[in-house]
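This report concerns only the one structure given below.
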Amino acid sequence: PTRATEFESQHVGVFRSGWGDTNETMLSFKGGEMGQDHGNLDAGTFVLEALGKRWAWELDADDYSLPGYFDLNPASATNRWDYYRTRAEGQNTIVINPGNGPDTKLGPVAPVVTFQSKTGVRSLAVIDLTPVSTNVVRAWRGLQLFGPQRKQVLIQDEITSGSNANVWWFMHYQINSTQVEVSPDGSSVTMTQG
């Protein structure tokens, strides 16, 4: 059975270290068109499971009866892009140069530009976030399973901007089951479950 799958037309994919192992590693990711009906501003988002635990969570859907929830026009008083769970900051992705209104461009597609999988070696993908980002020359998100039995994960963002860019990195986790410790210098985070 395959350990990597890409749904090219939707710009999504899944990597896994194996099948039937309760400690396997699974990394799923998404690019795609931003601003679609029922969609979120989620280019570059990922879900991560490893060691029998989920580490990076996709938030559940919001309440569809919220005011303006299906109004996709950012000029409206209340619209879909005002709600945390539909914005990029409500996903496991980056936000570049945030401001008022939608926190990515609406309409463009963030394509998966590289997808490779070699059994027993590594799986990797690169999502081009440039079309949906503001004021950048290039923004790429790379995701990779590698190492012994493909159980190590690397998520790497490469951003080139003509001027200083303000970048926010988001990852959602289960607060009741995950301990999070930020290093004294603020440059790293250690997460522990069980």
Side-chain angles (χ1 to χ4, degrees), residues 6 8 10-13 15 27-36 39-48 55-59 62 68 71-76 78-116 122-146 152-173 175 178 180-191:
E6 177 188 20
E8 190 174 340
Q10 298 303 307
H11 305 281
V12 299
F15 299 143
L27 179 64
S28 61
F29 52 91
K30 179 185 181 302
E33 182 180 342
M34 297 300 98
Q36 290 183 318
N40 297 327
L41 303 180
D42 55 1
T45 196
F46 65 95
V47 173
L48 173 62
W55 297 91
W57 287 75
E58 169 73 18
L59 298 178
D62 232 329
D71 187 345
L72 305 178
N73 182 355
S76 301
T78 302
N79 66 80
R80 184 174 188 80
W81 317 122
D82 291 331
Y83 294 106
Y84 182 80
R85 290 178 186 223
T86 60
R87 296 172 58 79
E89 62 197 59
Q91 316 301 316
N92 300 323
T93 192
I94 57 175
V95 176
I96 303 172
N97 299 316
N100 293 330
D103 46 6
T104 67
K105 292 179 185 174
L106 298 175
V109 171
V112 174
V113 294
T114 300
F115 186 91
Q116 301 173 0
R122 71 173 186 178
S123 294
L124 78 91
V126 175
I127 303 170
D128 185 358
L129 301 176
T130 310
V132 301
S133 301
T134 57
N135 301 319
V136 296
V137 175
R138 186 181 83 181
W140 285 0
R141 168 159 275 191
L143 306 105
Q144 184 176 177
L145 283 189
F146 66 100
Q152 293 176 303
V153 176
L154 174 66
I155 298 170
Q156 179 174 322
D157 298 308
E158 296 180 10
I159 302 165
T160 304
S161 178
S163 60
N164 289 337
N166 185 4
V167 180
W168 297 356
W169 199 95
F170 291 89
M171 185 176 121
H172 296 83
Y173 61 91
I175 196 163
T178 308
V180 177
E181 184 179 323
V182 179
S183 67
D185 67 0
S187 66
S188 65
V189 174
T190 300
M191 301 176 76

Heavy atoms from other residues, nucleotides or ligands near CD of Q152 exceed 12 (cutoff 6.0 Å): yes

Side chains of E158 and V126 in contact at under 4.5 Å (non-hydrogen atoms): no

Closest heavy-atom pair and its distance - P108, V132: O-CG1, 3.7 Å

Residue pair W55 / Y173: nearest heavy atoms and the distance that separates them: O-CB, 3.5 Å

Qualifying ring-ring contact (aromatic ring centres under 6.0 Å, His included) pairs, either residue in residues 84-114, two or more places apart: Y84-H172

For R87, all residues meeting salt bridge (charged side-chain N to carboxylate O under 4.0 Å, His left out), sequence neighbours excluded: E89, D103

L106 to L72 - nearest heavy-atom pair and separation: CD1-O, 4.1 Å

S183 side chain to S187 backbone, donor-acceptor under 3.5 Å: yes

Salt bridge (charged side-chain N to carboxylate O under 4.0 Å, His left out) against R141, all qualifying residues, sequence neighbours excluded: D157

Within residues 127-136 or reaching into it, pairs that qualify as salt bridge (charged side-chain N to carboxylate O under 4.0 Å, His left out) - sequence neighbours excluded: none

Partner residues of E33 under the side chain to side chain contact (heavy atoms under 4.5 Å, CB included) criterion, sequence neighbours left out: Q36, V109

Within the 6.0 Å centroid threshold, strictly below: F15 and F46: no

Backbone N/O of A88 and side chain of T93: donor-acceptor pair under 3.5 Å: no

Donor-acceptor pair between T86 and N40 side chains, under 3.5 angstrom: no

Whether T130 side chain and A139 backbone form a donor-acceptor pair below 3.5 Å: yes

Qualifying residues under side-chain hydrogen bond (donor to acceptor under 3.5 Å, both in side chains), relative to Q144, sequence neighbours excluded: none

Under 3.5 Å donor-acceptor, S161 side chain and S163 backbone: yes

